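Just so it is clear, the model here is predicted, and its values are computed rather than measured.
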Amino acid sequence: KDEAARGRFLNIMRQQAGRMSNLIDDLLSLSRIEMRQHMRPTGSVDLALLLREVSEGLESQAADAGVAIAIDAGDATTITGDRNELYEVFENLLDNAIKYGGDGGKIELAIEPGRAGYDYAVSVTDHGAGIEAQHVPRLTERFYRVDAESSRKKKGTGLGLAIVKHIVSRHRGQMSIRSAPGEGTRVEVLLNR
């Protein structure tokens, strides 16, 4: 009896330690990005290749969730940027789409011609439950959660979209989120060469 209780408590402690570790990682990541916010990245990144790598990295998670990922990235699209940071942006967006919009069964990653003075528009679109209008403007706030209980169960820290927003800003880009209940969610990132 005591053995079973000890096993249960150890499991809870392990889960909580994992959550704390994820939270610390996200806080450190956010802090690093903020420190370099005024410095424009100077590396060279192939966006099409990057999206394929992000998709491959989350393939098993998508399969476990019963989600198909479709990529329409076209040919090489090279931009000036920080590869690791941009990887984090699209990994975060795709991870969210799988976790919160995966019940729609399909997620689309696409690179299209930009608008509003930007060269490229990269979008992540899910066909899940969607988000009510009053929540959408607050999604990039630190620790903001539409459904705290659901987010906790899915191991969210509430910092993912705040990190994405800061990275996009450091790349002098722009991010928009469109969603409605029953219509899924589309996150678009506008970037320049």
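Taking both residues in full, the closest heavy atoms of Ala62 and Ile98 are given as CB-CD1, 3.9 Å, listed atom of the first, atom of the second, then distance. Shown here for Met175 and Val164, the closest heavy-atom pair between the two residues is SD-CG1, 3.3 Å. Residues Asp95 and Gln61 come closest through the heavy atom pair OD1-NE2, 2.7 Å. Contact record, Ala48 with Gly74: CB-O, 4.1 Å, taken as the closest heavy-atom pair. The minimum heavy-atom distance linking Thr140 with Pro137 is given by the pair OG1-O, 4.5 Å.
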* To do: Walk me through it: do His171 and Glu85 pass the test side chain to side chain contact (heavy atoms under 4.5 Å, CB included)?
  => CA-CA 9 Å; His171 283 76; Glu85 287 184 3; 3.4 Å; yes
* To do: Evaluate the criterion side chain to side chain contact (heavy atoms under 4.5 Å, CB included) for residue pair Ile107 and Thr125; output intermediate values, then yes/no.
  => CA-CA 6 Å; Ile107 295 168; Thr125 307; over 6 Å; no
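By the 4.5 Å heavy-atom criterion applied to side chains, Val122 and Leu51 are counted as neighbours. Residues Leu161 and Asn96 meet the side-chain proximity criterion, which asks for heavy atoms closer than 4.5 Å. Looking at Leu94 and Leu109, their side chains come closer than 4.5 Å, going by heavy atoms from C-beta outward. You'll find the side chain of Ile79 reaches within 4.5 Å of the side chain of Leu86, heavy atoms only. Put simply, the side chain of Arg6 reaches to within 4.5 Å of the side chain of Leu10, judged on heavy atoms. Using a 4.5 Å cut-off on side-chain heavy atoms (C-beta onward), Leu47 and Phe90 make contact. Using a 4.5 Å heavy-atom cutoff, the side chains of Arg170 and Arg40 are not in contact. Taking the side chain as every heavy atom from C-beta outward, Val45 and Thr78 never approach each other to under 4.5 Å.
The CD atom of Glu112 lies 12.0 Å from the OG1 atom of Thr77; values are rounded to the nearest 0.5 Å. How far NZ of Lys106 is from CG of Asp126: 12.5 Å, rounded to the nearest 0.5 Å. Ile69 contributes atom CD1, which lies 13.5 Å from atom CZ of Arg52 (distance to the nearest 0.5 angstrom). Here the straight-line distance linking atom CG of Leu50 with atom OG of Ser55 works out to 11.0 Å at 0.5 Å rounding. How far CZ of Arg178 is from CD of Glu183: 10.0 Å, rounded to the nearest 0.5 Å.
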Side chains of residues 185-193: which donor-acceptor pairs under 3.5 Å do they make with residues two or more places apart or in other chains?
from	atom 1	to	atom 2	distance (Å)
Thr185	OG1	Ser179	OG	2.8
Arg186	NH2	Glu188	OE2	3.2
Glu188	OE1	Arg115	NH2	2.1
Asn192	OD1	Asp119	N	3.0
Arg193	NE	Tyr120	OH	3.4
Arg193	NH1	Asp119	OD1	3.4

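Remark: Arg138 engages Glu141, Tyr144 in a side chain to side chain contact (heavy atoms under 4.5 Å, CB included) (not counting sequence neighbours). With sequence neighbours left out, the side chain to side chain contact (heavy atoms under 4.5 Å, CB included) criterion links Glu91 to Val54, Leu58, Tyr87.
His127 and Glu108 form a side-chain donor-acceptor contact under 3.5 Å, judged by distance and modelled atom types alone. Side chain to side chain, Asn11 and Arg8 fail the donor-acceptor criterion of an N or O pair below 3.5 Å.
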